[in-house]
K.L.:
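Starting off with a structure, shown below.
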Amino acid sequence: MKLKGWKDVNPGAVCTEAGSALKFKTGSWRAYRPKWVEENCIQCLFCWAYCPDMAVFVKDGKMTGFNYDYCKGCGICALECPGKKGNKAIVMEEEGK
Amino acid sequence: MAKVVAVTGNEAVAYALKQVNPDVSAAYPITPATDIMQRFTSYVSNGQVKTEMVLAESEHSAMSGCIGASAAGGRVMTATSSQGMALMWEELFIASGSRLPIVMALVNRALSAPLNIHGDHSDGMGARDCGWIQLWSENAQEAYDNTIQAFRIAEHMDIRLPAMVCLDGFIISHSIERMEYIDDDAVKNFVGEFKALNPLLDIEHPVSYGPLILTDYYMEYRKAHAEVMSKVSKVVLDAAKEFEKISGRKYGLFETYRLDDAEIGLVILNSAAGTSKDVIDSFREKGIKAGLLKPRLFRPFPYEEIGNALKNLKAVCVLDRADAFGGSYGPLFIDIAASLYPHKNGPVLMNKIYGLGGRDYLPGHAELVLNELVDIAKTGKVKMIKEYIGVRE
Ligand code: SF4
Ligand code: SF4
């Protein structure tokens, strides 16, 4: 994408395009990646509710994975995930491993 | 028809704000500015203005409230002094960086510590680089006139920057002077209907304020801000021309007093300029070609125009009612020296720090300085470039 010059930027850095945060992919900030362990998932959707971004995919009322374009790897979902019988359905793994 | 009144500086500013009748004000009291908002809240309580008045729990919140209301799309004003503005520090940059045309009266007061409630310019000078427009006022009349003009300047579609109107604490804010009020209708027409730019409350066109701007764009926004600053002078002069039509009073970027043929000159801000003019008259009577320059638009500083106005003098003393503890000179001196930098054969300069914490500036001080300038003009030599005056050894 060609970056704008100073003459073309919006006064006061006001964003006039609704939902343009979608274009700002923050996934590259991630140092740890949440991994979904489906067999331990009880579909409580805590992960979806707690995620400070909108990085948990939910389809037909069910958690189906993560949107790694936006997931920053904060680990909140993994912390909150109750899992099944003490086994977490989300584990954090170091990126690049 | 103008109405002649005898009022304090604060009363005059409060009256200007009443006539402008802004949409929102968020404020917190602090001496010596308290009186402005106290009077204004009475106008609100009595139904004389339609302003939504927010009594905040601190100046930090007051300016935050102003920012929110301005971004929402309202005409917004507030007032403060000294520590109050110091507490707004973070918000001052957010207001200007977000290009929100908030108008604020700054009743100049010394900064703590040591704690002091009286007038000096350390608060305004501390905020000189925060991207706001600053208009400085010698007396109640100028404070009133500048307040009205500030709305028009700040809200101009080419500018959209916050503006502060500075007046000296107590010396002006609390002394009664004879001055003139302009008719309500004339003020109303002069400031015009407020035009919002990208208002948050326009739900048909959703916008976001305050995004994160990193290495890829921050410099472009700063450059754009710097560029807007360079357009302010023209808008100030245009507003002054229009203002003259309703008031009969002339304003420029700065005022010159007997400066045209002057050989020695004083540069001084706000109320002390009045005393200085008197002393300059007495020097003129003695045949000494003395003059004065009083900056009005201090931010952005009209370097070129001021440099040209001073370049032909032999010796100039810049009087600062604030010190900049940077190991060099007072803040006004630094700007005056910079404005004369392109002029190789400009005047010899010296810098006196006076009147800190509200210490009186007396005719004797101006005489002392002018006599020293007479010597410097003859010899071309300065004993001490920077010196405190009116201080005990
Ligand atoms: S790691 Fe954080 S950002 Fe990523 S999905 Fe979990 S809660 Fe959301
Ligand atoms: S919090 Fe854990 S158990 Fe609940 S839906 Fe998310 S992954 Fe499944």
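All values reported here derive from a predicted model rather than from experimental measurement. For the numbers below, each heavy atom of this structure counts, side chains included, while hydrogens, waters and symmetry mates do not. Below, chains carry the letters A, B, ... as their sequence lines are ordered, and counting in each starts from 1.
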K.L.:
Can you pull the ring pair (Phe, Tyr, Trp, His ring centres under 6.0 Å) pairs that have at least one residue in residues 63-100 of chain B, sequence neighbours excluded?
P.N.:
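For residues 63-100 of chain B, and leaving out neighbouring residues, the ring pair (Phe, Tyr, Trp, His ring centres under 6.0 Å) pairs sorted by first residue read W89(B)-F93(B).
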
K.L.:
Would you list the atom pairs in which one atom of chain B and one of chain A form a donor-acceptor pair under 3.5 Å?
P.N.:
unit_1, atom_1, unit_2, atom_2, d
S208(B), N, C15(A), O, 2.9
S208(B), O, C15(A), N, 2.9
Y217(B), OH, K4(A), N, 2.6

K.L.:
Are more than 12 heavy atoms from other residues, nucleotides or ligands located less than 6.0 Å from atom CD of E304(B)?
P.N.:
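12 or below, so no.
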
K.L.:
For I203(B), I'd like to know if atom CD1 has over 12 heavy atoms of other residues, nucleotides or ligands within 6.0 Å.
P.N.:
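Not more than 12 within 6.0 Å, no.
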
K.L.:
Check this for me: E52(B), atom CD, are more than 12 non-hydrogen atoms of other residues, nucleotides or ligands nearer than 6.0 Å?
P.N.:
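For E52(B), atom CD is not crowded (no more than 12 foreign heavy atoms under 6.0 Å).
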
K.L.:
Using the test side-chain contact (heavy atoms from CB on, under 4.5 Å), find all partners of I306(B) that sit at least two apart in sequence or belong to another chain.
P.N.:
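I306(B) satisfies side-chain contact (heavy atoms from CB on, under 4.5 Å) with F254(B), L293(B), F301(B), P302(B), L310(B), I336(B), S339(B) once adjacent residues are dropped.
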
K.L.:
Among pairs that include at least one residue of residues 61-85 of chain B, which meet ring pair (Phe, Tyr, Trp, His ring centres under 6.0 Å), considering only residues two or more places apart or in two chains?
P.N.:
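Pairs touching residues 61-85 of chain B that pass the test: none.
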
